[in-house]
Amino acid sequence: MRTYLVLSSAIGLIEIVDAGVLYANDGALTGLSLVFSGVELLWVLVSFVALVAVKHRSTRVLALVFLSYNIAGWLLGGFVVARSDAIALPMWAVIGGGLFGVGYATCSAVVANRP
């Protein structure tokens with residue numbers, strides 16, 4: 001359980017860095033952003049396992065939050081980004097992703113350090 005929480009903090013930091021990269025490129029996807037997306041996809045699978053297998057309530061909540069955030073991102077990609085000609089995320093989504101990363105990393109670190 002603690003390993004999931006510590007790695008969740010790292011995933012939150014990756015979200016923050018990804019948002020910075022996307023912001024610097026006006027929302028355009030780069031190779032680095034695609035690598036981050038691959039890591040996030042793997043973490044979706046890990047989070048699903050944690051949601052099903054872990055009994056610690058706070059850990060399950062964090063896993064559910066990460067899954068929900070990604071499902072919302074997939075819906076955004078399907079409805080908003082897919083309807084535009086350019087393959088770029090809107091800036092509000094980039095900033096929202098960075099803010100999610102801050103919150104997710106912070107909450108994961110807090111829960112990981114709780115007795």
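Values reported hereafter were calculated over all heavy atoms of this structure, with side chains retained and with hydrogens, waters and symmetry mates removed.
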**Asked** Would you call Leu22 and Leu29 a side-chain contact if the rule is heavy atoms closer than 4.5 Å?
**Response** yes

**Fill in**
Paired with Thr3, the side chain to side chain contact (heavy atoms under 4.5 Å, CB included) test is passed by just one of Leu5, Leu7, Val6, namely Leu7

**Message:** Suppose we call two aromatic rings close when their centres sit under 6.0 Å apart. Are Tyr69 and Trp74 close by that rule?
**Reply:** no

**Asked** Roughly how far, to the nearest 0.5 Å, is CG of Leu67 from CG of Leu45?
**Response** 9.0 Å

**Asked** Looking only at heavy atoms, which two atoms of Ile16 and Gly98 are closest? And how far apart?
**Response** CG1-O, 3.8 Å

**Prompt:** Between Glu15 and Glu40, which heavy-atom pair has the shortest distance, and what is it?
**Reply:** OE2-CD, 3.0 Å

**Request:** Look at the side-chain heavy atoms of Ile, Leu, Val, Met, Phe, Trp and Tyr, link any pair under 4.5 Å apart, and say whether Leu41 and Phe36 land in one connected group.
**Result:** yes

**Request:** Measure the shortest side-chain to side-chain distance between Tyr23 and Met91 over non-hydrogen atoms and say whether it is less than 4.5 angstrom.
**Result:** yes

**Prompt:** Looking at side-chain heavy atoms only, is the closest gap between Leu62 and Ser8 below 4.5 Å?
**Reply:** no

**Request:** Look up atom CG in Leu76 and atom CG in Asn70, then write down how far apart they are to the nearest 0.5 Å.
**Result:** 11.5 Å

**Fill in**
Across all chains, not counting sequence neighbours, the side-chain hydrogen bond (donor to acceptor under 3.5 Å, both in side chains) partners of Ser58 are Arg114

**Message:** I'd like to know if the side chain of Tyr4 pairs up with that of Thr59 as donor and acceptor (distance under 3.5 Å, no hydrogens or angles considered).
**Reply:** no

**Message:** Restricting to non-hydrogen atoms, name the atom on Gly97 and the atom on Ala19 that form the minimum distance, rounded to 0.1 Å.
**Reply:** C-CB, 4.4 Å

**Item:** Which atom of Arg2 lies closest to which atom of Asn113, heavy atoms considered
**Value:** NH2-OD1, 3.8 Å

**Asked** Any chain of hydrophobic side-chain contacts (each under 4.5 Å) joining Leu51 to Val61?
**Response** yes

**Flag, side chain of Asp18 to backbone of Ile14, donor-acceptor distance under 3.5 Å** = no

**Message:** Is the shortest side-chain heavy-atom distance between Arg57 and Val111 below 4.5 Å?
**Reply:** no

**Message:** For a side-chain contact (heavy atoms from CB on, under 4.5 Å) check, start with the C-alpha distance between Phe66 and Phe100, then their side-chain angles and the critical distance, and finish with the verdict.
**Reply:** CA-CA 9 Å; Phe66 192 79; Phe100 172 80; 3.9 Å; yes

**Request:** Report yes if some heavy atom in the side chain of Ser33 is under 4.5 Å from a heavy atom in the side chain of Thr30; otherwise report no.
**Result:** yes

**Message:** Under 4.5 Å between side-chain heavy atoms, counting indirect links through other Ile/Leu/Val/Met/Phe/Trp/Tyr residues: same cluster for Leu64 and Tyr104 or not?
**Reply:** yes

**Item:** Interatomic spacing from OG in Ser47 to CD1 in Ile11 - rounded to 0.5 Å
**Value:** 8.0 Å

**Request:** Would you indicate whether the side-chain heavy atoms of Trp43 and Val39 approach each other to under 4.5 Å?
**Result:** no

